[in-house]
Amino acid sequence: PGLQDYILKIRAKATFLEPFELQNFPFDVQPVGVVVTAQCPVTRVEIVPNLEYVSKFLSTSFALGAVFDLPFGSEVQAKSSTSAPAESSAGLTYSRIAFSVSLSR
């Protein structure tokens, strides 16, 4: 009662920088990811992955596409979680989602 579902779909184009883990170079696998956190407490907003339309990593626009492959396919992995209350000055918990893709040489 009194609750409504809203769906927000966002398409983003961004540049991400992440240090490479080179312990197993040149046979390394690089996990690359980003975390998105809602700015409203989890009591008001819940971020969930879209299982119907799974995100894809567009390697055609990837600057190092000639060097890296997608060993586990082009699907972007999405995992929902919540922040710890200690991360908030008000002691609140926030919904978040982590997106990741693995790259290999």
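Keep in mind it's a predicted model, so treat the numbers as computed, not measured.
- Of all the heavy atoms in L51 and V54, the pair that sits closest is O-CG2, 3.8 Å.
- In this structure, the side chain of T82 does not engage the main chain of Y94 through any donor-acceptor pair within 3.5 Å.
- A donor-acceptor pair is defined here as one N or O able to donate and one able to accept, closer than 3.5 Å; no such pair exists between the side chain of D69 and the backbone of P71.
- T37 places no side-chain N or O within 3.5 Å of a backbone atom of R96 that could act as its donor or acceptor partner.
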Full working for side-chain contact (heavy atoms from CB on, under 4.5 Å) between L103 and V29:
CA-CA 5 Å; L103 306 171; V29 175; over 6 Å; no
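- Partner V42 forms a side chain to side chain contact (heavy atoms under 4.5 Å, CB included) with one of L92, I47, T93 and no other, that one being T93.
- At least one side-chain heavy atom of I97 sits less than 4.5 Å from a side-chain heavy atom of P49.
- In this structure, NZ on K56 lies 4.0 Å from OG on S74, to the nearest 0.5 angstrom.
- The closest side-chain heavy-atom distance from S88 to S83 is not below 4.5 Å.
- In the hydrophobic clustering of ILVMFWY residues, with side-chain heavy atoms under 4.5 Å counting as a link, F72 and V32 come out apart.
- The CG atom of N50 lies 7.5 Å from the OG atom of S55; values are rounded to the nearest 0.5 Å.
- The distance from atom OG of S80 to atom CD of E46, rounded to the nearest 0.5 Å, is 7.0 Å.
- With contacts defined as side-chain heavy-atom distances shorter than 4.5 Å, the pair V35/F99 does not qualify.
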